[in-house]
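Reading through the structure tokens given below for one structure.
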Amino acid sequence: MIDNLEQYNEFLTTTIKETYPKYAQRKILKELERDRIVHLKSNQNATLFDDQNIVNLVDVPDDEKLPRAIQENQKAIGYIEKTEFRKSYKYAVVFSVSNFEEDEINQLLENKLMQDFDDEGHGFDKLFDPDKDIEVIPTKTDIDDNVVILKFSKLFTGYLPSNGAKKQIKYPILAIYYKTLDVLEIRFDPIKGYFKQDEYFYHKQIQFVLEWFNENLSCELDDINLPPIIEYICNLDEEDVNVHSQAMSLKSGGKAVLDTGVNENYVLPLLGELKELIKANEELFNENHEIKNLIENFILETEETSDLPWISLVWKDSNSKGTVVKFNHNYMNQGYTLLQYYGLQTEMERMNNVTEYIIKHKGDLESEGKTQ
């Protein structure tokens, strides 16, 4: 386990260079500048340059600014670690939770088997190598009275295919517990191919978190059957949530991917367009029920007999292009659904909203007495 600050800084520096997009680095640097950890511009208040604790990054190349900040001021590390808690991730999986006891979390903290990020004495995350270390010490934080997050910090080693150079990075995995929803959500990001051991890499990260909970806490975790919930949401015809695209494996053996593309009304091609055609020409189709029934039966039979390996929904947002989430059902034949988020990484709130929306409609579906 890496609990040496110098080593930790070394791996964190490589992580920033290998995995942090430029826009993410700029955002953290602005926060550091705001809180007088660094100064970035030569025309800043001259008194700042006399402060020995502020890191001067004026003449440092852009791609070296953040690494230099964490090397010269340990406070900058806390900003990186806070970002790992509060940013959005590309992948997520949700599980139902029962018998979760917060006292067990407190016991792990007391026994030094977990760290509290919000504790004044917190130094830095305990980084562990999954190929060598047995002991795992996650870091905990409370977002609010309802949301608790555990962060697992793994050290992964890879070798560049071009020259065989060794690279080691920190790979955070979040386990987010929603108290009022009784839901655990696991979040993680893509990783470059030379860090993966095999095609089951992401499944192994999910399995790792589930095993840790099984070994250290007495709560029970179960898969949430998402396909009927997503189908239920699609049929609600709500304005703020729409089908964005979906894959279909037809009974005939054919396969198709239907995508709304730039269609602002989010109407899927073929089946969706046929539905819109009937709706827009309702009077005409009502004059010939035989044709109407033929088309409606074709749509219904196609939908009911086709396998839908994945579907993506878009949550509209007046201030952006919306949040697009792809639902990969029965991921790697493991039974659960993998959520894949598209677009730039932002704050975690959008992911929280999607999770809460899904679980709310899970409850609606169950209250209507519909089986899953």
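Residue indices begin at 1 and follow the sequence shown.
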Would you sort out whether V97 and V183 count as a side chain to side chain contact (heavy atoms under 4.5 Å, CB included), showing the intermediate values?
CA-CA 5 Å; V97 183; V183 163; 5.5 Å; no
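- Scored by the ring pair (Phe, Tyr, Trp, His ring centres under 6.0 Å) test, F208 finds F128, F152 as partners (sequence neighbours excluded).
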Checking V148 against I176 for the side chain to side chain contact (heavy atoms under 4.5 Å, CB included) test, could you report, in this order, the C-alpha distance in whole Å, the side-chain angles of both residues, the deciding distance, and whether it holds?
CA-CA 6 Å; V148 178; I176 304 169; over 6 Å; no
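- Although no hydrogens or angles enter the test, the distance criterion places a donor-acceptor pair under 3.5 Å between the side chain of Y89 and the main chain of E84.
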Would you tabulate the side-chain donor-acceptor contacts of residues 212-221 under 3.5 Å, counting partners in other chains and residues two or more places apart, or write 'none'?
residue : atom : partner : partner atom : Å
N216    : ND2  : W212    : O            : 2.9
S218    : OG   : E104    : OE1          : 3.3
S218    : OG   : E104    : OE2          : 2.6

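- With sequence neighbours left out, Y357 forms a ring pair (Phe, Tyr, Trp, His ring centres under 6.0 Å) with W315, H361.
- The CD atom of Q71 sits 11.0 Å away from atom CG of L5, with the distance rounded to the nearest 0.5 Å.
- Not a single donor-acceptor pair under 3.5 Å links the side chain of D142 to the backbone N or O of D144.
- Between K360 atom NZ and T355 atom OG1 the span is 15.0 Å, to the nearest 0.5 Å.
- Looking at residues two or more places apart in sequence or on another chain, you find a side chain to side chain contact (heavy atoms under 4.5 Å, CB included) between D182 and Y177.
- Surrounding CG of D59 are at most 12 heavy atoms belonging to other residues, nucleotides or ligands under 6.0 Å away.
- Within a 6.0 Å radius of CG in D145, other residues, nucleotides and ligands contribute 12 heavy atoms or fewer.
- Residue C234 comes nearest to I311 through the heavy atom pair SG-CD1, 3.8 Å, listed as atom of the first residue, atom of the second, then distance.
- Between the side chain of Q334 and the backbone N or O of M332, at least one donor-acceptor pair lies under 3.5 Å.
- Every pair passing salt bridge (charged side-chain N to carboxylate O under 4.0 Å, His left out) that includes a residue from residues 120-136 is listed here, sequence neighbours excluded: D125-K151, D125-K170.
- Judged as a salt bridge (Lys or Arg N to Asp or Glu O under 4.0 Å), and not counting sequence neighbours, the contacts of E102 are K179.
- For the ring pair (Phe, Tyr, Trp, His ring centres under 6.0 Å) test, no residue two or more places apart in sequence or in another chain qualifies with Y200.
- Here R187 pairs with E185 in a salt bridge; the nearest charged N to carboxylate O distance falls below 4.0 Å.
- The shortest non-hydrogen separation linking L32 to A76 is CD2-CA, 3.9 Å.
- For the salt bridge (charged side-chain N to carboxylate O under 4.0 Å, His left out) condition, the pairs that include at least one residue of residues 192-206, sequence neighbours left out, are E18-K192, D198-K204.
- Residues V55 and I80 share a single hydrophobic cluster, defined by chaining ILVMFWY side chains whose heavy atoms lie under 4.5 Å apart.
- Between E64 and K17 there is a salt bridge, with a side-chain nitrogen of the basic residue lying less than 4.0 Å from a carboxylate oxygen of the acidic one.
- Scanning both residues, L226 and V94, for their nearest heavy atoms gives CD1-CG2, 4.2 Å.
- Note: the hydrophobic cluster containing L210 does not contain Y178 (ILVMFWY, side chain heavy atoms under 4.5 Å, direct or indirect links).
- Counting only distance, with no hydrogens or angles, the side chain of Q115 and the backbone of F124 share a donor-acceptor pair below 3.5 Å.
- Taken to the nearest 0.5 Å, the CG atom of L313 stands 7.5 Å off from the CD1 atom of I358.
- Between D62 and R26, every side-chain heavy-atom pair lies at or beyond the 4.5 Å cut-off.
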Can you list the steps and then say if Y8 with D3 is a side-chain hydrogen bond (donor to acceptor under 3.5 Å, both in side chains)?
CA-CA 7 Å; Y8 183 77; D3 53 9; over 6 Å; no
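- A donor-acceptor contact shorter than 3.5 Å links the side chain of K65 to the backbone of V60.
- Residue pairs satisfying the ring pair (Phe, Tyr, Trp, His ring centres under 6.0 Å) criterion with at least one member in residues 55-86, sequence neighbours excluded, are listed as follows: F85-F117.
- The shortest heavy-atom contact between V209 and A175 is CG1-CB, 4.0 Å.
- At a threshold of 4.0 Å, the pair E366-K362 counts as salt-bridged, since one of the basic side-chain nitrogens sits closer than that to a carboxylate oxygen.
- Atoms CG and CD1, on L127 and I169 in that order, are 10.0 Å from each other to the nearest 0.5 Å.
- Heavy-atom minimum distance, F156 versus F195: O-CE2, 3.7 Å.
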Using salt bridge (Lys or Arg N to Asp or Glu O under 4.0 Å), reason through K41 and E33 one step at a time and then give a plain yes or no.
CA-CA 10 Å; K41 306 180 188 69; E33 181 183 41; 3.2 Å; yes
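- Expressed to the nearest 0.5 Å, how far CG of N225 lies from CG of N330 amounts to 10.0 Å.
- In this structure, V241 and V314 have side chains that are not in contact, with every pair of non-hydrogen atoms separated by 4.5 Å or more.
- Every residue meeting the ring pair (Phe, Tyr, Trp, His ring centres under 6.0 Å) condition with F188, not counting sequence neighbours, appears here in chain and number order: Y91, Y202.
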Start with the C-alpha gap between L236 and D364, add the side-chain angles, then the distance that decides, and say whether side chain to side chain contact (heavy atoms under 4.5 Å, CB included) holds.
CA-CA 11 Å; L236 291 177; D364 294 342; over 6 Å; no
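- A donor-acceptor pair under 3.5 Å is absent between the side-chain atoms of N73 and the main chain of A69, judged by distance alone.
- H122 is listed as a side-chain neighbour of E81, based on a closest heavy-atom distance under 4.5 Å.
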Evaluate the side chain to side chain contact (heavy atoms under 4.5 Å, CB included) criterion for residues I143 and I149: first the C-alpha distance (whole Å), next the side-chain angles of each, then the deciding distance (0.1 Å), finally the verdict.
CA-CA 7 Å; I143 297 301; I149 304 181; 3.5 Å; yes
What verdict does the ring-ring contact (aromatic ring centres under 6.0 Å, His included) test give for Y194 and Y159, after you've listed the backbone C-alpha separation in whole Å, the side-chain angles of each residue and the deciding distance to 0.1 Å?
CA-CA 6 Å; Y194 52 84; Y159 299 89; 9.0 Å; no
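- Taken from CG in L338 to NZ in K326, the straight-line distance is 9.5 Å, to the nearest 0.5 Å.
- With hydrophobic clusters built from ILVMFWY side chains whose heavy atoms lie under 4.5 angstrom apart, I173 does not share a cluster with M348.
- E211 is linked by a salt bridge (Lys or Arg N to Asp or Glu O under 4.0 Å) to nothing, counting only residues two or more places apart in sequence or in another chain.
- Side-chain contact of E368 with Y232: a donor-acceptor pair under 3.5 Å is present, judged by distance alone.
- Clustering ILVMFWY residues whenever any of their side-chain heavy atoms sit less than 4.5 angstrom apart, transitively, puts M351 in the very cluster that holds I224.
- The residues D189 and K87 are annotated as salt-bridged, a charged nitrogen and a carboxylate oxygen being separated by less than 4.0 angstrom.
- T157 pairs by the side-chain hydrogen bond (donor to acceptor under 3.5 Å, both in side chains) definition with Q168, not counting sequence neighbours.
- Considering all non-hydrogen atoms of both residues, Q7 and N4 come closest at N-OD1, 3.0 Å.
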